[in-house]
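The block underneath contains the structure these notes are about, expressed in structure tokens.
Worth saying up front: this structure is predicted, and the values here are computed from it rather than measured. Labels below follow one simple rule: chain letters A, B, ... track the order of the sequence lines, proteins then strands, and each chain is numbered from 1.
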Amino acid sequence: MATDPSLRPRAEEVRSRVAELIAEIAGLPVAELTDRLAALGGAEAPRAETPRESDTGLPALPGAVAGQVVLRLAPFPSGALHIGSGRMLFVNQAYRERYDGKLLLVFDDTIGSEEKRVEVEFFDLILGDLELAGVRPDQVLFKSDRIAAHYPWARRVIDRGAAYVCRCAQEELRDKRQRGLACPERSQTPEEAAAEWERMLGGAYAPGEAVLRLKTDLADPDPAFRDRVLFRISDLDHPRVGHRYRVWPLLEFSWAVDDVELGVTHVLRGKDLVVEDRMERYVWDLLGIQGPPFLHWGLLRVREAKVSKSKSYREVKDGVYDGWSDPRTWSLRSLDRRGISMAALREFTLSFGLSLADIEVPAETLYAENRQRIDATTLRRSFVPAPVRVEVDGYPFDLAEVQLANHPDRAELGTRAVPAGPAFYLAQADLAHHAGAEVRLKDLVNVRLPSEVPEAGGTIRAAFTSRPNQRLPRLQWVGASGAVGVDVLHPDGTHAVGLGEAALRRAAPREILQFERFGFVRVEENWTAATEPVRVVFAHP
RNA sequence: GCUCCCGUAGUCUAGUCCGGUCAAGGAUUCGGGGCCUUCGACCCCGUAACGCGGGUUCGAAUCCCGCCGGGAGCACCA
């Protein structure tokens, strides 16, 4: 009916006829269907298997030509990239790959403010984050190197009669803007404005005394858009360029300039920056420039991660957090520390597409993605939190040591020798839960537990019952011989201590392991083999 | 308050531009079952959604209007 209008008036008839046919077809055997389909010249219907590859979810970039796309990342250097701000990395990187484009890293280090200061240590920190995420920019630029290039643009706007030097006090400016009133300076001729601008550049004004403002419609429904400030004066010491400049562009104008000067073809950024689109476009329209299109995405929050950049900043500075890789920051590097791969994080992030909706996702979705990637290659080890020593009466002599598989499904990962009974450590919680019952020590033997269970650190006696595997509750154990202390750092910053099997002494720093019935962990990078406790970070169940 | 944006299962998302192939696909979670000596993996099965109300149309998740709900922004910060 979509293609043949003559059928439309007979829609009911068509509908019932289609229903009949469907009923008929549904009753036919598959072989018959295949034959008939072939007779009609139809292709064999392949089972639609949606590829798991991510980028397919992203829309095409408007007007993008492979090999000619230029994108840019513009982080403000005020802290490590976290799970939310990492989105810009992966989205830009995905498009760059898709179009074989260029990616510029442009540090947005204009002078900032007293509250929002540029700090030099963050340049390297962010560079490190990019490296970790597998994003290698084609070029690294600093806004602070490009300030002088912005001045001619100011003149172009001024010469169009579209900007003026305003000397209102900040409060006054804000108040007038709110009420849609003009400042006296707004009527400056281009010549007067240019002269004032030169005075401003020449140092005639102190910080706060004068700004360059764009002329927009003072009746604009969005008060924030009315005569926005383009340049202001600041005496703050910049960590890279010191006091070389006093007149600094504000973000929107600086991008109106640089998106054009750097040849950026598509601007991909978070939707917190949508008003900036409007400003950039306004400037471009004014100068008759066709600027790049903008694409945005909404806020991404991970439910478990209460990411406050300023809080992280404070806690890291004050030493409350263990640096920027503290799991509580949910920074990229903290996820890496936990054993969550950047590939998983990328997949996770890109799965949200470019939706403008603000979303909150449970971390479990990320964990599932990561688990899929690491499960097959991760060695299994035994760990017991809050252990109680269990002496087993009647334990078989020949089972002082057993060979256990490193992975239940993958023999190629080998086995390891594990010291076993007659003395073990078991988790206090497990024992309490099964007090008085017969249980199976996983992969080993069956024992009967006493009905009284002490606190962690205590000792009890249990009785050997039999060897064959039975349908009994399975408990994780660590042989007392060779047991090694283990310290697990959890994502909330707390530590769990317990004992692990002897093989953990030979663990490699950064190795990812699965503590059976406990979860995936990663050995700390700075843990030295053979020191105790073995220090690991919890990834996820 | 003003400006902009967004409403598809518990969660996230595809589909919306350009109405029919959508009795709505995928992921994750949850429930049931199977299997392996993990609470992990894998396999099978299942629950579950177009915010509400009108309109246009033979036909609406898709177009129009209204409402309701949610979010973000509103700096001489970025």
Quiz item: Just checking A/R177: base, sugar-phosphate only, or nothing, at a heavy-atom cut-off of under 4.0 Å?
Solution: sugar-phosphate
Quiz item: Strictly under 6.0 Å, is that where the ring centroids of A/F231 and A/W197 end up?
Solution: yes
Quiz prompt | Six-ring centre of A/F352, A/R87 cation under 6.0 angstrom, axis tolerance 45° | solution = no
Quiz item: What integer distance in Å separates A/L300:CG from B/C12:P?
Solution: 11 Å
Self-check item: Pairing nucleotide - B/C39, Watson-Crick or G-U, each distance under 3.5 Å
Solution: none
Quiz prompt | Value in whole Å for how far the P atom of B/C6 lies from CZ of A/F352 | solution = 19 Å
Quiz item: Does A/T110 have a side-chain nitrogen or oxygen under 4.0 Å from the phosphate oxygens OP1 or OP2 of B/A78?
Solution: yes
Quiz item: Checking all strands, does A/L273 fall into the base, sugar-phosphate, or nothing category for heavy-atom contacts under 4.0 angstrom?
Solution: base
Self-check item: C1'-based separation of B/C67 from B/G25 [nearest Å]
Solution: 31 Å
Exercise. Could you state the atom-to-atom distance from CD of A/E252 to P of B/A78 in whole Å?
Key: 8 Å
Quiz item: Counting side-chain heavy atoms from CB outward, which of B/C6, B/A78, B/U13 is closest to A/I359?
Solution: B/U13
Quiz item: Is there a donor and acceptor pair closer than 3.5 Å between the side chain of A/Q170 and the base of B/A75?
Solution: no
Quiz item: With a non-hydrogen cut-off below 4.0 angstrom, is A/S78 in contact with a base, only sugar-phosphate, or nothing?
Solution: nothing
Quiz prompt | For atom NE2 of A/H540 and atom C1' of B/U28, their distance in whole Å | solution = 14 Å
Practice problem: Have a look at A/V229 and say if it touches a base, only the backbone sugar-phosphate, or nothing, with a 4.0 Å heavy-atom cut-off. | Solution: sugar-phosphate
Sort me out a list of protein N/O and nucleotides 46-48 of chain B N/O pairs below 3.5 Å, or just none if empty.
none

Exercise. May I ask you to verify if any side-chain N or O of A/S355 is less than 4.0 angstrom from the OP1 or OP2 atom of B/U13?
Key: yes
Quiz item: Whole Å only: how far is the OH atom of A/Y367 from the C1' atom of B/U11?
Solution: 15 Å
Exercise. Verify whether one side chain among A/S144 and A/R240 offers a donor that lies under 3.5 Å from an acceptor in the other.
Key: yes
Practice problem: Can you check each nucleotide of nucleotides 37-44 of chain B against protein heavy atoms at under 4.0 Å and return B for base, S for sugar-phosphate only, - for none, in 5' to 3' order? | Solution: BBBBS---
Exercise. Rounded to the nearest angstrom, tell me the gap between atom CH2 in A/W297 and atom P in B/A72.
Key: 18 Å
Quiz prompt | Qualifying ring-ring contact (aromatic ring centres under 6.0 Å, His included) pairs, either residue in residues 209-228 of chain A, two or more places apart | solution = A/F225-A/Y282
Quiz item: So what does A/L356 hit on the nucleic acid, given a heavy-atom distance under 4.0 Å: a base, only sugar-phosphate, or nothing?
Solution: sugar-phosphate
Quiz item: What are the two closest non-hydrogen atoms of A/T378 and A/I512, and how far apart are they?
Solution: CG2-O, 3.5 Å
Quiz item: Between atom CD in A/E171 and atom C1' in B/A75, what is the gap in whole Å?
Solution: 11 Å
Quiz item: Which part of the nucleic acid, if any, lies within reach of A/T378 when heavy atoms closer than 4.0 Å are counted: base, sugar-phosphate only, or nothing?
Solution: nothing
Practice problem: Evaluate the ring-ring contact (aromatic ring centres under 6.0 Å, His included) criterion for residues A/F538 and A/F518: first the C-alpha distance (whole Å), next the side-chain angles of each, then the deciding distance (0.1 Å), finally the verdict. | Solution: CA-CA 9 Å; A/F538 189 78; A/F518 183 79; 5.6 Å; yes
Quiz item: In whole angstrom, what separates A/R269's CZ from B/C5's C1'?
Solution: 15 Å
When the side chains of residues 409-418 of chain A are checked against the rest of the protein, which donor-acceptor pairs come out under 3.5 Å, sequence neighbours left out?
residue: A/R410; atom: NE; partner: A/A376; partner atom: O; Å: 2.7
residue: A/R410; atom: NH2; partner: A/E412; partner atom: OE2; Å: 3.4
residue: A/T415; atom: OG1; partner: A/Q403; partner atom: OE1; Å: 2.8
residue: A/R416; atom: NE; partner: A/E501; partner atom: OE1; Å: 3.0
residue: A/R416; atom: NH1; partner: A/A405; partner atom: O; Å: 2.8
residue: A/R416; atom: NH2; partner: A/R380; partner atom: O; Å: 3.4
residue: A/R416; atom: NH2; partner: A/E501; partner atom: OE1; Å: 3.4
residue: A/R416; atom: NH2; partner: A/E501; partner atom: OE2; Å: 2.5

Quiz item: Should A/D220 and A/R278 count as an ion pair when the cut-off is N to O under 4.0 Å?
Solution: yes
Quiz item: For A/G112, which contact category applies under a 4.0 Å heavy-atom criterion: base, sugar-phosphate, or nothing?
Solution: sugar-phosphate
Quiz item: With sequence neighbours left out, what residues match A/Q178 under side chain to side chain contact (heavy atoms under 4.5 Å, CB included)?
Solution: A/P223
Self-check item: Contact residues, residues 199-207 of chain A to RNA chain B [heavy atom, < 4.0 Å]
Solution: none
